[in-house]
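Structure first, then comments.
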Amino acid sequence: MSTISVPVSVPSPAEDCEQLRKAFQGWGTNEGLIISILAHRSAAQRRQIRDTYAQAYGEDLLKALDKELTRDFEKAVLLWILDPPERDAVLANEALKKWSPGNRALIEIAVTRTADEMLAVRRAYQGRFKRSLEEDVAAHTNGDFRKLLVPLVSSYRYEGPEVNASLAKSEAKILHEKNKEKAYGHEEIIRILTTRSKAQLLATFNDYNNEFGHPINKDLKSDPKDDFLFALRAIIRCIICPERYLEKVMRLAINKMGTDECALTRVVTTRAEVNMKHIKEIYYNRNSVRLDHALKKDTTGDYEDFLLALIGQDA
Amino acid sequence: MAVPLAAEGCEALTTAFSGLGGLGVDEKALLSALGKWRHQPEKRAQLRKSFSGFFTADGGFERCDIEFARFKDIMVLWAMHPWERDARWAHHVLQKVHPFDIIVEIACTRSSEELLGARKAYHALFHHSLEEDVAFCVKENYSNLLVGLVSAYRYEGSWINKEMAKSDAETLGSEIKGAGVSKLVENEKVIRILTTRSKPHLRVTFKYYKEMYGKSIEEDLGDELCLRETVQCLDSPPKYFSKVIDDSLKDGADKNTKDALTRVIVSRADVDTKDIKAEYHEHYGAQLEDVIAKKTLGNYRDALLSLVGQ
């Protein structure tokens with residue numbers, strides 16, 4: 001569920017634009033005002049504000065914000081203003097430009113979005129970067145990772161609930177076999193994980209557990225340093241329960257020496273209107289501390305205020 | 001008296017089916033050949049014995065079924081939504097052996113949005129994703145290529161990075177030259193380029209290839225049929241389709257080859273029939289309408305001509 005709170009009587013886009021313009025004027029910037037407006041508008045409202053601002057002042061709101069804001073706060077606000085598909089496209093492009101085997105942002109996006117959402121991301125990617133997403137993934141990755149990631153971003157999974165029980169059984173067996181042979185990059189593993197519907201995969205993973213006595217991820221832990229295994233486990237966890245996976249991403253981002261603002265910004269801006277409430281609950285159950293408290297301790301200034309507003313906890 | 005009658009009637013029937021190797025049935029000729037033998041069952045009995053077009057040796061009559069069905073098929077397919085059409089063709093073909101040509105054709109000659117639509121229709125009709133079924137049903141060495149081709153959502157703009165196109169041409173060249181024993185159709189680099197790049201980019205890449213290596217990439221692909229067809233479909237659908245049509249109109253063509261005539265004419269009617277006719281004229285020196293009028297029969301012919309005509 002969303003953690004964004006929009007005021008009951010929301011100002012018109014024109015009024016919002018006026019306020020934002022005031023926030024930019026003069027020396028310095030009124031970040032608090034910016035947060036109080038933008039963090040409390042839905043995607044549709046933000047789009048209207050962006051259009052109205054361009055009409056009224058002849059400038060893209062994003063450019064204006066780019067001039068006024070800095071660093072992590074700026075990045076978070078700019079991402080927040082974008083439409084979800086464009087946001088994901090920008091994040092995917094970013095992840096690719098500095099891709100390394102340990103980078104799992106692409107997997108996170110490709111697997112936690114629905115099939116239609118991912119399609120919209122691919123369209124937005126083309127519109128913005130004049131290339132297809134799969135083209136860039138193929139060009140920036142190599143070896144087994146490329147074999148895994150290109151189909152992962154290209155798949156258009158069936159979204160229905162139908163499950164073929166005997167297929168789940170036979171594919172659980174195939175997965176188990178390949179795991180035993182340590183043939184983790186095998187075509188069959190990639191085929192199953194990147195093309196089957198999520199419902200079918202859940203049935204397959206359940207079958208794996210029932211048949212072999214432990215979850216499939218246990219068999220993918222043979223080498224803790226192997227990034228490819230990590231990637232496979234991430235895909236599986238995103239399919240089984242995306243919110244639990246995202247909680248872990250946030251937890252690791254917060255607990256890291258310094259903080260992984262990149263990951264924090266990504267998860268918060270992309271999930272605030274989707275399932276951040278659920279992620280917060282999982283966070284509290286897992287860590288016995290509220291997410292907003294953890295963020296208060298770990299982040300500062302306007303960036304902190306913005307994140308808190310997005311997760312439904314204003315200062 | 002009986003022998004000449006049967007021979008003459010048999011000839012008329014054979015003509016109505018165009019020697020049983022034809023495309024479609026001349027319904028009017030059939031009527032006039034058979035219809036006149038009312039109250040003359042013994043004449044019909046003789047026709048039945050000498051004409052093998054309707055009944056097979058064991059009494060079945062599927063042989064003529066196929067030819068009679070051509071008109072029905074073309075009408076039903078024409079009425080169908082293009083996405084559903086493509087989804088049904090793909091699904092049907094995945095159940096048979098060697099499905100690659102129709103899958104490649106659909107994946108490479110449709111626009112990105114049309115291919116997407118076909119994938120959506122596939123979901124709705126068959127409760128699986130197209131790529132899921134291709135990956136599962138195609139066990140041959142071209143499986144990865146096909147999965148890549150049907151999953152593509154290519155950039156459709158005309159913007160091309162010339163340096164990248166040159167580099168792709170070089171990569172293709174070195175992989176083709178160095179192929180040796182291993183099959184090119186499983187080559188990752190080749191698959192990557194053919195399944196992810198935009199079509200304008202690929203056309204420029206193929207041009208650079210010819211400049212660099214003196215031969216067209218098709219020629220250099222030799223007997224890698226699947227790859228050759230992929231390249232042909234990506235490079236110039238009208239040229240590819242004009243060849244498919246020509247093959248279907250040849251004498252002695254098998255059922256799949258003949259069925260392609262309906263498939264191509266129907267699927268391209270709203271797209272590039274004009275270009276296909278131009279290519280056909282250039283390569284085979286005849287007007288497509290004339291050849292269709294000569295080689296096909298009956299209502300089927302009329303249907304084809306109405307889809308191909310001005």
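In the text below, chain A, chain B and the rest are named by the order of the sequence lines, each starting its count at 1. Fair warning: this is a prediction, and the values are worked out from it, not measured in the lab. Just so it is clear, the values below take in all heavy atoms, side chains as well, and ignore hydrogens, waters and symmetry mates.
Only the side chain of A/E162 comes within less than 4.5 Å of a heavy atom in chain B; its backbone stays farther off. Neither the backbone nor the side chain of B/N161 comes within less than 4.5 Å of any heavy atom in chain A. Heavy atoms closer than 4.5 Å to chain B are found in both the backbone and the side chain of A/R123. The part of A/D116 that comes within reach of chain B is its side chain, from C-beta onward, which places non-hydrogen atoms under 4.5 angstrom from that chain. With a 4.5 angstrom heavy-atom cutoff, A/R157 touches chain B only via backbone atoms.
Of the possible donor and acceptor atoms, one in the side chain of A/D226 sits under 3.5 Å from a partner among the backbone N and O of A/L229. Within the 3.5 Å criterion, the main-chain N or O of B/H201 finds a donor-acceptor partner in the side chain of B/T205.
The most heavy-atom pairs under 4.5 Å with chain A, out of B/R192, B/E131, B/H127, B/H128, come from B/H127. The residue among A/S154, A/S132, A/G160 with the most heavy atom pairs within less than 4.5 Å of chain B is A/S154. Between chain A and the options B/Y153, B/F136, B/F126, B/W159, heavy-atom pairs under 4.5 Å are most frequent for B/Y153.
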Notebook entry, point to check: Could you go step by step and tell me if A/R271 and A/L246 meet the side chain to side chain contact (heavy atoms under 4.5 Å, CB included) rule?
Noted result: CA-CA 9 Å; A/R271 303 290 88 188; A/L246 292 167; 3.6 Å; yes
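With sequence neighbours excluded, no residue forms a side-chain hydrogen bond (donor to acceptor under 3.5 Å, both in side chains) with A/D207.
Electrostatic pairing of A/K178 and A/E181 counts as a salt bridge here, judged by a charged N lying under 4.0 Å from a carboxylate O. Using a cut-off of 4.0 Å between Lys/Arg side-chain N and Asp/Glu carboxylate O, A/K63 and A/D66 are scored as not salt-bridged.
For B/Y122 and B/W83, the ring centers sit 6.0 Å or farther from each other. Residues A/Y184 and A/F228 place their aromatic rings such that the two centres sit no closer than 6.0 Å.
Annotation: residues 165-175 of chain A contacts chain B through A/L167, A/E171 [non-hydrogen atoms, separation under 4.5 Å].
In plain terms, the two heavy atoms of A/I81 and A/L61 that are nearest each other are CD1-CD2, 3.7 Å.
Side chains of B/N141 and B/E186: no donor on one and acceptor on the other come within 3.5 Å.
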